[in-house]
Amino acid sequence: MDIENQLLHHISSAFKSLFDHEVAPEKLALQPTRKEFEGNYTFVLFPFLKVTRLSPEESGKRIGEYLKEQVAIVSDYNVIKGFLNISLEESHWIEVFQRIVSNPDFGQLAPNGEKVMVEYSSPNTNKPLHLGHLRNNFLGYAVSEILQANGFDVIKANLVNDRGIHICKSMVAYQKLSNGETPDSAGIKGDHLAGKYYVLFDKEYKKQIEELVAAGMDKEEAKKQAPWMLEAQEMLIQWEKGNEEVVSLWKTMNGWVYEGFSATYRTMGVDFDKTYYESDTYLLGKDIVAEGLEKGVFFKKPNGSVWVDLTDEGLDEKLVLRADGTSVYITQDMGTADLKYKDFHITRSVYVVGNEQDYHFDVLFKIMRKLGRPYGDGLYHLSYGMVDLPSGKMKSREGTVVDADDLMAEMVDTAREHTQELGKIEGFSEEEAEQLYQTLGMGALKYFLLKVDPKKRMLFNPAESIEFQGNTGPFIQYTHARISAIRRKADQIGLNYGPESLIGLDFIGETEKNLIILLQDYEKKLQTAADEYSPSVIAQYLFDLAKEYNRFYAELPIFSETKGQVQAFRVALSNEVAKTIRKGMKLLGIHVPEKM
RNA sequence: GGUCCUGUAGCUCAACUGGAUAGAGCAACUGCCUUCUAAGCAGUAGGUUUCAGGUUCGAGUCCUGACAGGAUCACCA
């Protein structure tokens with residue numbers, strides 16, 4: 001049992017013994033004492049004044065006195081207004097630290113037997129990835145890592161949207177305008193080549209609409225009748241029929257795109273255990289429609305279309321199958337949900353998808369629960385806000401996007417300039433230096449996108465480059481590099497700072513205690529991050545830890561400290577901070593350098 | 001119009017899920033490199049938490065209603 005629970009049990013018995021009143025420990029709560037007050041944990045008395053029938057001050061005094069007498073590690077207490085602040089013996093914090101140091105599994109919780117799938121990325125194969133995808137991919141990857149550290153068995157999945165009218169648009173434009181160019185012949189990455197034709201399609205399509213409107217056609221009608229649109233639709237039909245020429249072009253172009261994507265994923269540092277393709281799954285779900293009709297979850301309208309009535313859940317009626325018997329988006333998603341379960345027997349399923357699809361997933365999850373799926377309660381939509389530009393929303397069709405490949409390359413360039421300006425690459429080989437720029441540039445970018453609460457939409461201003469100072473990835477990386485220098489020096493002079501070097505330690509300073517408390521918090525933060533599916537909890541924590549460490553670093557000397565054991569303790573503490581930073585940053589998909 | 005999300009320092013974000021005097025970073029200003037990395041540290045300044053009510057010992061947090069921004073409400077995906 002951890003110290004907090006122990007204290008709660010003691011407070012519970014205090015109520016019993018002092019006021020003859022039963023309060024279950026679970027009904028009580030402690031909070032960390034604010035740092036402007038003396039103490040480590042605070043118990044708020046107001047809710048219990050009815051029980052104590054005494055003033056807040058008097059109640060606090062009685063309970064505090066009881067704890068001080070009964071509990072060995074409680075060293076002191078004070079009461080301010082209705083707040084009972086409890087201080088713990090220094091030896092307790094030293095013990096906590098020793099426990100962390102000698103626990104090789106610290107930061108990795110035991111397996112909990114639950115299997116969870118995290119679906120993220122889910123790109124369309126008609127255009128390259130952009131800034132919005134970066135947020136999606138980094139989030140999905142980080143959440144996967146966080147769940148894993150919490151003891152889940154995690155399967156990272158990617159559902160590739162490789163078919164549909166939008167894919168045909170790129171294909172039509174390619175047929176018309178490419179003269180057979182290939183990524184090699186054009187010297188363009190495959191995904192960018194496909195994207196180029198997607199934009200060209202849209203340009204020509206708009207022109208055609210204008211021409212039709214000028215000729216007197218209604219605008220809505222013109223959108224349907226534009227020649228290239230008709231061709232794209234025909235191509236989709238041919239694709240579904242398996243027309244050889246169309247399928248062959250589709251395979252070729254998708255192949256180029258996959259090659260491009262895998263390069264981008266490599267730079268991003270994300271990966272997947274399973275890839276699903278919509279071309280395989282788009283017909284799934286019809287059997288579920290039949291099942292739903294049978295179970296009375298769905299109903300049929302006179303024209304033959306099938307619906308689900310969700311008005312009792314505060315939503316409306318939603319279509320699940322068209323009158324002509326063909327699928328809609330949600331039909332396919334129902335089928336895919338079952339497929340995922342069939343493949344892996346997952347108990348939870350996380351969908352990392354933008355918040356414009358909140359309604360869709362609300363409907364999907366409610367349907368799967370109505371159908372009584374065993375994984376129904378484990379469905380979760382990790383909904384994140386869009387990344388907007390100062391000019392507004394990004395639109396691939398119109399080419400107003402921040403391209404993922406470009407942005408990542410820019411970040412690495414900025415890291416290069418910055419590092420060279422600071423003159424910090426002495427003793428680095430060419431290769432090591434490039435590696436460092438990569439680490440720092442990607443670190444800055446990932447941290448920038450992950451430190452914000454996922455559900456908030458965020459603004460990205462390309463004119464203002466992402467920071468390397470303050471609450472940033474490089475700040476935390478820098479802290480790690482500093483500690484690495486200390487470890488190198490300790491090793492060099494042969495200092496032993498293992499767990500055994502701490503035996504008999506009997507004094508620690510205020511800053512050191514704060515660091516121990518922060519280290520102890522790591523696993524709690526890890527759980528919060530998993531409960532909320534929010535890497536920002538980890539990011540914020542790592543910043544606090546690094547910040548506190550840097551204060552320690554500036555305040556207290558290590559190698560000029562004369563007492564050998566204090567020296568060993570400070571190195572051990574530094575080492576533990578570095579290890580925690582490394583673990584935490586790994587959860588965010590960020591590497592930490594030994595030198596920078 | 002209905003539904004959902006968001007609104008905190010000039011800017012970007014926190015606030016332990018209802019607790020004490022709302023905290024960080026950036027930008028501005030002042031100090032600190034002859035001791036382990038100054039991508040750092042210490043400090044100054046910056047707030048009617050969009051507004052108006054309500055709930056209670058206590059509200060940035062919960063409720064109601066405005067206001068502002070965004071998303072969504074297709075037999076599109």
Side-chain angles (χ1 to χ4, degrees), chain A residues 29-37 42 44-47 49 56 80-83 85 124 161 163-167 278 282 301 303-307 314-316 318-324 326-330 332-333 354-360 362 383 385-386 388 392-393 415 418-419 421-422 424 440 444 448 451-453 455-459 461 464 467-479 481-490 521 524-525 528 532 536-537 539-540 543-544 546-547 549-561 570-571 574 595-596:
Chain A
L30 288 175
Q31 48 191 294
T33 303
R34 296 183 69 110
K35 64 170 180 280
E36 58 266 38
F37 299 100
T42 295
V44 183
L45 297 156
F46 295 112
L49 299 180
I80 295 166
K81 294 198 258 178
F83 300 89
N85 300 320
N124 295 322
N161 189 332
R163 67 162 285 281
I165 190 76
H166 51 299
I167 310 291
E278 276 195 26
Y282 79 107
K301 288 199 174 175
N303 69 355
S305 57
V306 181
W307 296 71
L315 305 179
D316 353 309
K318 286 293 293 182
L319 178 88
V320 295
L321 196 71
R322 291 190 191 108
D324 63 6
T326 56
S327 304
V328 285
Y329 181 36
I330 203 152
Q332 184 187 140
D333 266 7
N355 63 7
E356 75 266 14
Q357 296 200 34
D358 283 355
Y359 186 69
H360 170 76
D362 205 3
S383 158
M386 297 289 100
D388 290 326
K393 206 178 160 169
H418 214 73
T419 307
E421 230 168 73
L422 290 168
K424 290 219 174 186
L440 295 178
F448 176 81
K451 76 171 175 190
V452 182
D453 183 346
K455 64 174 177 290
K456 284 192 173 162
R457 62 190 265 268
M458 54 193 298
L459 191 78
N461 188 348
E464 296 168 15
E467 301 278 348
F468 281 69
Q469 276 162 1
N471 188 355
T472 65
F475 169 81
I476 298 167
Q477 291 170 318
Y478 176 70
T479 309
R482 274 183 146 183
I483 299 175
S484 297
I486 289 175
R487 291 192 288 208
R488 281 194 296 273
K489 181 150 181 184
D521 274 350
K524 217 178 350 177
K525 295 288 180 186
T528 309
E532 296 176 4
S536 69
V537 172
Q540 198 62 41
F543 175 67
D544 291 341
K547 185 93 187 131
Y549 182 80
N550 281 314
R551 177 173 303 137
F552 161 83
Y553 184 93
E555 263 177 24
L556 301 170
I558 293 180
F559 294 107
S560 59
E561 172 62 43
R570 287 182 185 163
V571 175
S574 303
K595 285 193 277 183
M596 67 184 271

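Numbers restart at 1 for each chain; the letters A, B, ... are given by sequence-line order, proteins then strands.
In a base pair of the Watson-Crick type (N1 to N3 plus N6-O4 or O6-N4) or a G-U wobble (N1-O2 and O6-N3), with each distance short of 3.5 Å, B:G60 is matched with no nucleotide. When both pairing distances are held under 3.5 Å, B:G1 makes a Watson-Crick or G-U pair with B:C73. In this entry B:A68 has B:U6 as its Watson-Crick or G-U wobble partner, both defining distances falling under 3.5 Å. In this entry B:C41 has B:G31 as its Watson-Crick or G-U wobble partner, both defining distances falling under 3.5 Å. Of all nucleotides present, none satisfies the Watson-Crick or G-U wobble test against B:A20 with each distance under 3.5 Å. The partner of B:U48 cannot be assigned: no Watson-Crick or G-U wobble pair with both contacts below 3.5 Å exists in any strand.
One atom, CD1 of A:Ile80, and another, P of B:G19, lie 18 Å apart when rounded to the nearest Å. If you take NZ of A:Lys451 and C1' of B:A15, they are 16 Å apart, rounded to a whole angstrom. In this entry the distance linking CG of A:Leu49 with C1' of B:G19 reads 13 Å, nearest Å. Nucleotide B:U12 holds its P atom 10 Å from the CG atom of A:Asn461, rounded to whole Å. Rounded to whole angstrom, the span from the OH atom of A:Tyr478 across to the C1' atom of B:C41 amounts to 10 Å. The distance between atom CD1 of A:Ile483 and atom P of B:U37, rounded to the nearest whole Å, is 12 Å. Between A:Met596 atom CE and B:U37 atom P there is a gap of 13 Å when expressed in whole angstrom units. Between the C1' atom of B:U6 and the CE atom of A:Met458 lies a distance of 14 Å, rounded to the nearest Å.
Mapped onto RNA chain B by nearest heavy atom, A:Ile558 and A:Lys525 fall at different nucleotides, with A:Lys525 at the one closer to the 5' end.
In this structure, A:Phe475 and A:Gln469 have side chains that are not in contact, with every pair of non-hydrogen atoms separated by 4.5 Å or more. Residues A:Ser536 and A:Val452 are not in side-chain contact: their nearest non-hydrogen atoms beyond the backbone lie 4.5 Å or more apart.
Remark: ring of A:Phe37 overlaps the six-membered base ring of B:A20 in a stacked fashion, centroids less than 5.5 Å apart, planes less than 30° apart. The ring of A:Phe83 lies on top of the base of B:A20, close enough and flat enough: under 5.5 Å between centres, under 30° between planes.
Base contact: A:Pro47 has a heavy atom under 4.0 Å from a base atom. As judged by a 4.0 angstrom heavy-atom cut-off over every strand, A:Leu422 is placed among the base-contacting residues. If you check every strand for non-hydrogen atoms under 4.0 Å, A:Ser383 touches nothing. Here A:Leu440 lies in heavy-atom contact (under 4.0 Å) with a base.
A donor-acceptor contact under 3.5 Å links the side chain of A:Thr42 to the base of B:A20. With hydrogens and angles ignored, a donor-acceptor pair under 3.5 angstrom links the side chain of A:Asn85 to the base of B:A20.
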Residues A:Arg34, A:Asn85; criterion side chain to side chain donor-acceptor pair (under 3.5 Å); working and verdict
CA-CA 9 Å; A:Arg34 296 183 69 110; A:Asn85 300 320; over 6 Å; no

For A:Leu30 and A:Thr42, run side-chain contact (heavy atoms from CB on, under 4.5 Å): C-alpha distance rounded to whole Å, both residues' side-chain angles, the deciding distance at 0.1 Å, then the answer.
CA-CA 6 Å; A:Leu30 288 175; A:Thr42 295; over 6 Å; no

Using side chain to side chain donor-acceptor pair (under 3.5 Å), reason through A:Asn161 and A:Tyr282 one step at a time and then give a plain yes or no.
CA-CA 10 Å; A:Asn161 189 332; A:Tyr282 79 107; over 6 Å; no

Between protein and nucleotides 70-77 of chain B, map the contacts as a letter string: B base, S sugar-phosphate only, - none, heavy atoms under 4.0 Å, written 5' to 3'.
-SS--BSB

Taking only nitrogen or oxygen atoms into account, show me every contact under 3.5 Å that the protein makes with nucleotides 23-26 of chain B, one pair per line with its distance.
{"residue": "B:G25", "atom": "OP1", "partner": "A:Lys547", "partner atom": "NZ", "Å": "3.0"}
{"residue": "B:G25", "atom": "O2'", "partner": "A:Asn471", "partner atom": "N", "Å": "3.0"}
{"residue": "B:C26", "atom": "O2'", "partner": "A:Glu467", "partner atom": "OE2", "Å": "3.3"}

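The existence of a salt bridge linking A:Asp324 and A:Arg322 is excluded, since no basic side-chain nitrogen approaches an acidic carboxylate oxygen closer than 4.0 Å.
Taking atom P in both B:A22 and B:C51, one finds a spacing of 16 Å when rounded to whole Å. With both ends at atom C1', the span from B:U21 to B:U48 equals 16 Å, rounded to whole Å. Nucleotides B:A71 and B:C62 are separated by 24 Å at their P atoms, to the nearest Å. The separation of B:A15 from B:G60, taken at their P atoms, amounts to 15 Å, rounded to a whole angstrom. Look at the C1' atom in both B:A45 and B:G7: the space between them is 25 Å, to the nearest Å. Nucleotides B:U61 and B:C16 are separated by 12 Å at their P atoms, to the nearest Å. Spacing of C1' atoms, B:C41 relative to B:C4, comes out at 45 Å, to the nearest Å. Separation of the P atoms belonging to B:U44 and B:G2 is 49 Å when rounded to the nearest angstrom.
For the OP1/OP2 pair of B:A14 and a distance below 4.0 Å, the side-chain nitrogens and oxygens of A:Lys456 include at least one atom meeting the criterion. OP1 or OP2 of B:A39 has at least one side-chain nitrogen or oxygen of A:Lys424 nearer than 4.0 Å.
Side-chain atoms of A:Thr419 lie closest to B:A39 of the nucleotides B:A39, B:U37, B:A42. Here the nucleotide nearest the side chain of A:Asp453, chosen from B:A14, B:C36, B:A39, is B:A14. Closest contact between the side chain of A:Pro474 and the listed nucleotides B:U21, B:A39, B:U37 involves B:A39. Closest contact between the side chain of A:Tyr553 and the listed nucleotides B:C36, B:U21, B:C41 involves B:C36.
Note that A:Lys301 lies in the cation-pi zone of A:Trp307, set by a 6.0 Å cut-off to the ring centre and a 45° limit from the axis. A cation-pi contact, defined as under 6.0 Å to the ring centre and within 45° of the axis, links A:Lys489 to A:Phe559.
Other residues, nucleotides and ligands contribute at most 12 non-hydrogen atoms within 6.0 Å of the NZ atom of A:Lys525.
The structure places CZ of A:Arg482 at 14.5 Å from CZ of A:Arg487, a figure rounded to the nearest 0.5 Å. Rounding to the nearest 0.5 angstrom, the gap separating the CE atom in A:Met596 from the CG atom in A:Leu422 is 8.5 Å.
Base orientation of B:C33: syn (glycosidic angle within 90° of 0).
In this structure, A:Asn550 contributes its side chain and A:Ala546 its backbone to a donor-acceptor pair below 3.5 Å.
With A:Asn124 as the fixed residue, the side chain to side chain contact (heavy atoms under 4.5 Å, CB included) test singles out one of A:Arg163, A:His166, A:Glu278: A:His166.
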